[in-house]
Amino acid sequence: QVQLVESGGGSVQSGGSLRLSCVASGYRVGQYSMGWFRQAPGQEREAVATIDRGASTSYIDSVKGRFTISQDKDLNTLYLQMNNLKPEDTAMYSCAAAQAGWSSGYALANSDVWRAWGRGTQVTVSS
């Protein structure tokens with residue numbers, strides 16, 4: 001059974017940074033695509049960043065240049081480094097794991113590739 005546990009969320013001021021972590025069990029990080037998603041109150045969940053087994057990455061336009069997704073296979077952990085945070089980044093952030101070798105770009109655009117989800121960690125950015 002796949003389990004994904006996120007941590008690292010918190011409250012920061014605009015311009016601040018946070019690093020989210022997602023520890024996987026029952027799943028080998030780097031074997032298939034993984035991604036970070038976020039959902040703000042009253043809004044639909046959106047993909048933020050994905051990484052495939054070749055370590056290629058994809059991002060939505062609003063976070064390009066500010067967020068970096070990475071993975072540590074030894075620690076079996078997925079990360080999201082978030083810099084220059086903005087109030088519009090406020091959301092619950094969750095990680096997800098696919099069970100096929102989709103490219104990062106395909107995974108970013110197709111919600112049906114994801115097979116396991118974490119419960120999320122809250123990120124709040126104040127102006």
Side-chain angles (χ1 to χ4, degrees):
Q1 184 178 359
V2 178
Q3 281 195 313
L4 304 172
V5 180
E6 302 94 338
S7 62
S11 297
V12 296
Q13 291 191 327
S14 183
S17 298
L18 286 172
R19 188 176 81 154
L20 307 184
S21 299
C22 170
V23 178
S25 59
Y27 183 87
R28 185 159 56 93
V29 170
Q31 181 177 12
Y32 297 125
S33 303
M34 294 191 75
W36 285 98
F37 290 73
R38 67 186 180 188
Q39 186 169 21
Q43 296 187 22
E44 292 189 359
R45 182 171 59 194
E46 66 171 348
V48 174
T50 56
I51 186 168
D52 61 32
R53 56 185 177 184
S56 293
T57 58
S58 295
Y59 302 88
I60 55 173
D61 287 344
S62 60
V63 308
K64 283 181 181 177
R66 300 189 298 121
F67 290 12
T68 303
I69 187 172
S70 62
Q71 57 194 11
D72 187 321
K73 296 178 184 179
D74 291 335
L75 296 179
N76 218 40
T77 300
L78 181 74
Y79 299 101
L80 185 67
Q81 177 67 44
M82 304 186 295
N83 298 327
N84 191 22
L85 282 160
K86 304 176 180 180
E88 52 263 42
D89 295 319
T90 295
M92 179 71 75
Y93 284 72
S94 302
C95 63
Q99 292 189 333
W102 307 108
S103 70
S104 63
Y106 184 88
L108 187 72
N110 291 276
S111 60
D112 58 352
V113 308
W114 306 104
R115 292 294 177 264
W117 298 85
R119 291 188 175 183
T121 184
Q122 178 68 37
V123 171
T124 303
V125 185
S126 58
S127 57

For this session: Say whether, by atom type as modelled, one donor and one acceptor occur between the side chain of Asn84 and the main chain of Arg66 under 3.5 angstrom.
Result: no
Problem set entry | Passing option when Tyr79 is tested against Ile69, Thr68, Asp72, Leu20 for side chain to side chain contact (heavy atoms under 4.5 Å, CB included) | Asp72
Exercise. Between the side chain of Asp52 and the main-chain N/O of Ser103, is any donor-acceptor distance below 3.5 Å?
Worked result: no
Exercise. Any link between Phe37 and Leu108 through a network of hydrophobic side chains (Ile, Leu, Val, Met, Phe, Trp, Tyr) touching at under 4.5 Å?
Worked result: no
Exercise. Is it the case that Arg53 places NZ or CZ above or below the six-membered ring of Trp102, under 6.0 angstrom from the centre and within 45 degrees of the axis?
Worked result: no
For this session: Look up atom CG in Asp89 and atom OG1 in Thr124, then write down how far apart they are to the nearest 0.5 Å.
Result: 11.0 Å
Exercise. Are any of the side-chain heavy atoms of Ser94 and Glu6 separated by less than 4.5 Å?
Worked result: yes
For this session: Test Thr50 against Trp114 for side-chain contact (heavy atoms from CB on, under 4.5 Å), laying out the working first.
Result: CA-CA 11 Å; Thr50 56; Trp114 306 104; 3.7 Å; yes
Exercise. Same hydrophobic cluster for Val113 and Val2, using side-chain heavy-atom links shorter than 4.5 Å among ILVMFWY?
Worked result: no
Seminar exercise, completed: CD (Gln122) and OG (Ser11) are apart, to the nearest 0.5 Å, by 7.5 Å
Exercise. Applying the side chain to side chain contact (heavy atoms under 4.5 Å, CB included) test to Met82, which of Val48, Val63, Leu18, Val125 qualifies?
Worked result: Leu18
Exercise. Would you find a donor on one side and an acceptor on the other, under 3.5 Å apart, between the side chain of Arg28 and the backbone of Ser25?
Worked result: no
Exercise. Would you say the side-chain atoms of Thr90 pair up with the backbone N or O of Glu88, donor to acceptor, closer than 3.5 Å?
Worked result: no
Exercise. Tyr32, Trp36: one ILVMFWY side-chain cluster at the under-4.5 Å cut-off?
Worked result: yes
Exercise. From Cys95 SG over to Leu80 CG, what is the distance, rounded to the nearest 0.5 angstrom?
Worked result: 10.5 Å
For this session: Could you grab the distance from atom CD of Gln71 to atom OG of Ser33, nearest 0.5 Å is fine?
Result: 9.0 Å
Exercise. Looking only at side chains, do Ser17 and Asn83 share a donor and an acceptor under 3.5 Å apart?
Worked result: yes
Problem set entry | Lys/Arg-Asp/Glu bridge criterion (N-O < 4.0 Å) met for Glu46, Arg38 | yes
Exercise. Going through the distances and angles, do Gln99 and Gln31 end up as a side-chain contact (heavy atoms from CB on, under 4.5 Å)?
Worked result: CA-CA 8 Å; Gln99 292 189 333; Gln31 181 177 12; over 6 Å; no
Seminar exercise, completed: Correct closest heavy-atom pair for Val29 and Met34 would be CG2-SD, 3.8 Å
Exercise. Mind checking whether Tyr27 and Val23 sit in one hydrophobic cluster, side chains of I, L, V, M, F, W, Y counted as touching below 4.5 Å?
Worked result: no
Problem set entry | Approximate separation, where rounding is to 0.5 Å, of Leu4 CG and Cys22 SG | 4.5 Å
For this session: Could you tell me whether a side-chain N or O of Thr121 sits under 3.5 Å from a main-chain N or O of Gly9, the two making a donor and an acceptor?
Result: yes
Exercise. Are Trp117 and Ile51 in one and the same hydrophobic cluster, where Ile, Leu, Val, Met, Phe, Trp and Tyr link if side-chain heavy atoms are under 4.5 Å apart?
Worked result: no
For this session: Kindly give the heavy-atom pair with the smallest separation between Ser126 and Pro87, and that separation in Å.
Result: C-CG, 4.4 Å
Seminar exercise, completed: So OG of Ser127 and NZ of Lys86: to nearest 0.5 Å the spacing works out to 13.5 Å
